Amino acid sequence: MKPVRTIEWIADHPDSPVPGHIRMVDQTLLPNELVYLETRELREVWTAIKTLQVRGAPAIGIAAAMGVATAVQDSRAADGRALAVEAGQAADYLATSRPTAVNLFWALDRMRTVAAHESGRDPETLKRLLAREAIRIWEEDIAMSRAIGMHGAALLKDGQTVLTHCNAGGLATAQYGTALAPIYVAQEQAKRIRVYVDETRPLLQGARLTAWELMQAGIETTLICDNMAAQVLKEGKINLVMVGADRIAANGDTANKIGTYGVAVLAHAHGIPFYVLAPSSTFDLTLASGGEIPIEERGADEITRGFGRQTAPVNVKVYSPAFDVTPARLITAIICEKGVLQPPFDQTLKQAVGGGERARDDRESKQH
Ligand code: MRU
């Protein structure tokens with residue numbers, strides 16, 4: 001398979017990362033058009049994240065990091081300290097784009113750390129270091145997704161069928177994805193895996209994005225409406241569920257696209273394993289449980305006028321949480337780049353990120 005390049009940094013000259021720009025797939029136009037959005041503008045990066053032109057927790061983090069790098073590259077700051085302040089301001093602004101995916105804050109913190117630690121450098125050097133850090137975040141994401149794919153593929157047997165929700169594929173990351181990575185790796189291992197895809201109301205990330213990328217890769221794909229999952233599980237068509245995550249609290253409670261919790265309840269009721277797949281950049285061990293995860297609410301239009309057609313009375317009252325929290329007790333295992341983490345997650349998550357030290361560092365630096 002030749003994967004689409006969801007997001008990347010394009011340097012103007014091969015010998016230096018700056019000046020450069022961000023190139024990303026405009027995911028609002030899929031599956032009908034594959035169009036790339038190219039930008040050097042901070043405001044356009046903010047809008048791209050807000051409007052889901054780039055979406056999926058890891059991809060949001062990468063876009064934000066690259067956004068900071070573009071924001072400062074034309075700066076005339078007199079010294080590194082002044083440039084570091086500008087980078088911090090760009091990070092603060094991008095942090096207001098979406099609240100739930102912790103990868104956004106994690107990536108922005110990495111950029112802030114470079115700006116702070118290297119503020120003694122001259123501005124041109126600091127610009128290069130910031131762009132390099134954004135590219136490193138992108139590279140690390142590819143490696144983490146690949147590792148998740150390897151660990152997850154070990155759970156997949158030839159001929160099995162996976163149910164997934166939303167899009168946690170290559171389009172949601174730098175490459176491979178999280179929930180879909182094991183399917184791509186299994187394909188390389190010549191296992192035949194089928195995938196049922198929830199369409200994922202209201203923005204149809206399953207129908208528009210997951211079905212598209214799986215079919216591009218030649219995976220047998222069956223699209224279902226969200227409300228068909230119970231029947232499909234009851235009919236015995238599914239061997240296991242694999243979903244991504246936007247934020248995983250210290251006890252394993254997991255925020256992911258709205259509807260994920262319902263799928264977890266259904267999987268539990270039918271005795272089907274339910275796996276969450278996410279890089280450790282999605283862990284937020286500063287939060288004791290999922291109740292503390294901020295849940296984004298989105299506008300009424302996405303439900304009443306989805307994709308331009310009025311499908312509900314004008315002015316009807318709408319409630320639209322974009323994410324829900326699946327309680328840890330419904331999760332069979334969490335698969336990250338370090339391996340397959342089993343319950344009790346309060347212990348295994350901490351072990352995976354290197355114990356209490358990292359958790360404490362996170363608490364000091366992460367925003368919510
Ligand atoms: O609103 P979205 O499309 O950004 O939501 C995306 C999801 O919920 C994904 O499942 C999650 O970010 C994991 S992506 C590897």
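Below, each value reflects all heavy atoms present in this structure, side chains not excepted, and no hydrogens, waters or symmetry copies. Computed from a predicted model, the values in this text were never measured in an experiment. Remember, it's 1-based here, ligands and their atoms both numbered in the order they're listed.
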More than 12 foreign heavy atoms under 6.0 Å from NE2 of His21: is that the case here?
yes
Does atom CG of Asp158 have more than 12 heavy-atom neighbours from other groups under 6.0 Å away?
yes
Could you check whether any heavy atom of Gly177 sits closer than 4.0 Å to an atom of ligand 1, since that is the contact criterion I want to use?
no
Let me check something: do Leu94 and Leu83 share a hydrophobic cluster, defined by ILVMFWY side-chain heavy atoms less than 4.5 Å apart, either directly or through other members?
yes
Can you give me the closest heavy-atom contact between Trp9 and Ala131, atom names plus distance?
CZ2-CB, 4.1 Å
Output, in order, the C-alpha distance, side-chain angles, deciding distance and verdict of salt bridge (charged side-chain N to carboxylate O under 4.0 Å, His left out) for Lys127 and Glu124.
CA-CA 5 Å; Lys127 288 176 190 178; Glu124 294 312 308; 3.0 Å; yes
When you look at Asp246 and Thr282, which way does the side chain to side chain contact (heavy atoms under 4.5 Å, CB included) test go after all the steps?
CA-CA 6 Å; Asp246 286 85; Thr282 306; 5.5 Å; no
Is the shortest side-chain heavy-atom distance between Trp138 and Thr173 below 4.5 Å?
no
Stepwise, does the salt bridge (charged side-chain N to carboxylate O under 4.0 Å, His left out) test hold for Arg40 with Asp12?
CA-CA 12 Å; Arg40 298 171 187 259; Asp12 291 358; 2.8 Å; yes
Starting from [atom], locate the nearest protein heavy atom and write down its residue, its atom name and how far away it is, to 0.1 Å.
atom                    : result
atom 15 (C) of ligand 1 : Thr178 OG1, 3.2 Å
atom 11 (C) of ligand 1 : Asp246 OD1, 3.2 Å
atom 6 (C) of ligand 1  : Arg55 NH2, 3.5 Å
atom 14 (S) of ligand 1 : Ala172 CB, 3.4 Å
atom 13 (C) of ligand 1 : Ala245 O, 3.3 Å
atom 10 (O) of ligand 1 : Asn256 OD1, 2.6 Å

Structural part of [X] in contact with ligand 1, heavy atom criterion under 4.0 angstrom:
X      : answer
Cys166 : side chain
Asn167 : backbone
Arg98  : side chain
Pro58  : side chain
Lys257 : both

Under 4.0 Å from a heavy atom of Gln205: give me the atoms of ligand 1 that qualify, with their elements.
1 (O), 2 (P), 3 (O)
Under 4.0 Å from any heavy atom of Ala57, which atoms of ligand 1 are there?
12 (O), 14 (S)
So, regarding Ala168 and ligand 1 (criterion: nitrogen or oxygen to nitrogen or oxygen, under 3.5 Å), is there a contact or not?
no
Could you tell me whether Lys237 sits above the aromatic face of Tyr196, with NZ or CZ closer than 6.0 angstrom to the six-membered ring centre and within 45 degrees of the axis?
no
